[in-house]
Amino acid sequence: MKPFLASLLESSLHSFQKLSSTHCHAIKHGYNSDVYVSNRVLDSYIKSGFLCHAHKMFDEMPHRDTVSWNTMISGYTSSGKLDKAFCLFTGMKRSGSDADGYSFSRLLKGVASAKRFDLGEQVHSLVVKGGHECNVYVGSALVDMYAKCARVEDAFEAFREVSEPNSVSWNALIGGFVQVRDVETAFWLFGCMEMEMMDDGTFAPLLTLLDDPMLCNLLKEVHAKVLKLGLEKEITVCNAMVSSYADCGSVSDAERVFDGLGGLRDLITWNSMLAGFSKLEQKDSAFELFIEMLRTRIETDVYTYTSILSTCSGEEHQVFGQSLHCLVIKKGLEQVTSVSNALISMHIQFPTCAMKDALSLFEALEGKDLVSWNSVLRGLSQKGPSEDAVKFFSYLRSSNIEVDDYAFSAVLRLCSDLATLQLGQQIHALATKSSFESNEFVASSLILMYSKCGVIKNARKCFEQICSTHSTVAWNAMILGYAQHGSGQVSLSLFSQMCNQNVKLDHVTFTAVLTACSHSGLVQEGLELLQLMEPVYKIQPRMEHYAAAVDLLGRAGLVNKAKELIESMPLSPDPMVLKTFLGACRACGEIEMATQVANHLLEMEPDDHFTYVSLSHMYSDAKKWEEKASVKKVMKERGVRKVPGWSWIEIRNEVCAFNAEDRSHPLCEEIYLMAEDLTQEMKWFDSDDQASLLDVNHS
DNA sequence: ATAGGGTTAG
């Protein structure tokens, strides 16, 4: 009868109706006081998620043994109700049942997932007191508990206490070092493990450490080992491999693993591939994959939507993004914080009315977290009126929300855009007070802020104070700072230091050094860097690099060389490159070439005022009044308006804004006299570079 | 009859 009952329970799982009818059936056959049968029923209720009902049944059971208590504890720890589990644990002792290895391992599992190190230590002492240390299950659970609490040394000690550690003990220990991202120790332990001991649980967490292009070769070695051990069909291993290959920048390898799985793929596999495409800017592939998921009725979840929403950026994805938003609402995921955060970031990137939509999403979100606040802050500082961003930052501070590294970094970038030193310094003080000063992103934003505000000395100080000397963003910021100051040689020497000290270079590094060369007239050096980018430094030049190089040549008066460079580009130049070229033509008085490129630009971007204004100025300079008039006419016909460029200066905590030919200030006469004096003085220094720099700033 | 480890996200 008992095996029959067991199989009946098995087939009744997850249906309350079936379970209770089986339960009744058992009672009818006189099994009510059979503790074995009762425990099986109890376990089935718990496995099916009917925890409350299980507890009621447990209370009414005529006989309870240790297994009954353990089953109940198990139910509470796996649903995260640690306090209830501990109540049962103490109740168990009071009613005379002794806790055994099962009780302790279940309890420790709950402690581990709640990361309650304090409770864990107490349980540990009870384990020792009860003499359960030699139980490998309890031992592994202890290792895992310390590992999850990031106490790797305690985990190691607990591991040493296990007399015959098995793969679970090893994996739990390695998992601890993975969690604290101690790559070296994690792989050292991996090397100490017997081959036969390694299983899927060993590889999955280790693979998550290999998330950098520099580690791609190691990833391939680990992959080879996975194949050697015949683990290539293990879903967790493959999922981790898809993510790691994507993080290492190799989509093709990620895709190969993904394709290799065929029908074995699960939701995490799809999500990992999707996130990979999205991260590596393969937007079309991401959209295709997502649509395939919908078409083939693969279930979608929160991860799916956060990934695909973050793929939608800017105008070209607005329509699709809005349909996605509808889909999110339909699935009832709009109030899930991570999804809503992705929606906020997406809407901020849309060109029209986006800030308003993003703000109303933010306000409607019940469970706002730091990411939500920072997404709005970043959006406002990039797109919104800067004053609103500053206001939002004070709002954040007054709301008792923690200001973290993301927030500091965003608001400092804002200060550098505004070139407002006083606000920047105040925020620097706040960052110092909350110890974010040495965070690489905060420090980089400080560097940019001080450089932009003209205090390169303080920028340098921030650079020196940074914790990690291997922070690419910090080096990039410092190189750019010196570039803006016209200290191109300093930028270049920082660049070679970066190479010597094995700091990772990225595409921003090259934008920064090329800018440095351009601002200091280092033509040969700049061109050489551009040429070496791909073959030596393994970084593919992007549009901004070509634009910087065109600028470099244009400033040096080498328009023809700039033209050659554009013609030799592997991709067709984008408007940014062409606008830079147009500027170069204008500066060199190459009217014919300028007209050609301008016509091309007018086709690409008929609504952008830049091209019209450049042409118009150039025709004025050349006194070609008819041409100038025709440009103005076309502008009028197309409804394009000149957007004046503003400058501003901070005087005694007050911002004074002005634009070219502005005569509205009460002290206007004196101001222009002073400007004239300064211009004369600069000419007197006979520095053509600085005079032309002044021109550029003015336009 | 009840137990321990592992994959996706600013």
Side-chain angles (χ1 to χ4, degrees), chain A residues 2-3 5-6 9 34-44 46-47 65-75 77-78 100-109 112 132 135-145 147-148 162 165-176 178 199-208 231 234-244 246-247 266-276 278-279 301-307 309-310 336-339 341-342 344-345 369-375 377-378 404-407 409-410 441:
Chain A
K2 279 183 192 177
L5 252 177
L9 279 169
D34 184 320
V35 68
Y36 168 84
V37 170
S38 301
N39 286 344
R40 296 294 79 242
V41 176
L42 194 66
D43 190 50
S44 302
I46 287 173
K47 282 211 180 90
D65 63 3
T66 311
V67 176
S68 330
W69 287 96
N70 289 345
T71 307
M72 234 20 253
I73 291 175
S74 200
T77 50
S78 46
D100 60 6
Y102 290 92
S103 334
F104 283 111
S105 48
R106 295 314 275 153
L107 212 51
L108 283 165
K109 186 185 168 132
H132 298 287
N135 180 329
V136 67
Y137 286 89
V138 179
S140 304
L142 273 170
V143 174
D144 178 55
M145 182 275 293
K148 290 257 164 57
V162 185
N166 60 17
S167 69
V168 178
S169 334
W170 278 95
N171 295 346
L173 181 62
I174 291 177
V178 169
D199 61 12
D200 46 348
T202 318
F203 286 95
L206 273 173
L207 283 164
T208 63
L231 298 169
E234 291 295 335
I235 194 70
T236 52
V237 178
C238 291
N239 291 347
M241 267 195 306
V242 170
S243 302
S244 299
D247 288 335
D266 68 1
L267 179 55
I268 297 180
T269 326
W270 287 87
N271 286 345
S272 305
M273 196 63 242
L274 191 65
S278 172
K279 240 179 304 202
D301 71 352
V302 172
Y303 289 96
T304 321
Y305 287 99
T306 47
S307 283
L309 285 168
S310 70
V336 176
T337 305
S338 59
V339 175
N341 291 345
I344 291 171
S345 304
D369 66 0
L370 268 175
V371 181
S372 332
W373 284 86
N374 291 335
S375 303
L377 184 63
R378 200 174 37 128
D404 70 354
D405 44 347
Y406 284 85
S409 172
F441 296 101

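The figures that follow rest on heavy atoms only: side chains count, while hydrogens, waters and symmetry mates do not. Letters go in sequence order (proteins before strands), and every chain restarts at 1.
Side chains of A:Ser103 and A:Asp100: a donor on one and an acceptor on the other come within 3.5 Å.
In this structure, A:Thr306 reaches neither bases nor backbone, as no heavy-atom distance under 4.0 Å exists between it and the strands shown. When heavy atoms are screened at a 4.0 angstrom cut-off, A:Ser74 is found touching no nucleic acid atom at all. At the heavy-atom level, A:Gly175 lies nowhere under 4.0 Å from the strands shown. Residue A:Asp404 is in base contact, counting any heavy-atom pair closer than 4.0 Å across all strands shown.
In this entry the distance linking NZ of A:Lys47 with P of B:dA3 reads 6 Å, nearest Å. Distance A:Ile268 CD1 to B:dT7 C1': 5 Å, rounded to the nearest Å.
Ring-base stacking between A:Tyr406 and B:dG10 is satisfied, the centre separation being under 5.5 Å and the plane angle under 30°.
Ranking B:dG6, B:dT2, B:dG10 by closeness to the A:Tyr102 side chain, first place goes to B:dT2. Taking the side chain of A:Asp144 as heavy atoms from C-beta on, and the options B:dG10, B:dT7, B:dG5, the nearest nucleotide is B:dG5.
For the pair A:Met72/A:Ile46, a side-chain contact is recorded, criterion being any heavy-atom separation below 4.5 Å from C-beta on.
The base of B:dG6 has none of its N or O atoms less than 3.5 Å from a complementary donor or acceptor on the side chain of A:Asp199. At a cut-off of 3.5 angstrom, the base of B:dA1 holds no donor-acceptor pair with the side chain of A:Asp43.
Shortest non-hydrogen contact noted between A:Ser169 and A:Pro165 is OG-CA, 3.6 Å.
At the phosphate of B:dG5, OP1 or OP2 sits under 4.0 Å from a side-chain N or O atom of A:Lys109. Using a 4.0 Å cut-off, some side-chain N or O of A:Lys148 falls inside it from OP1 or OP2 of B:dG6.
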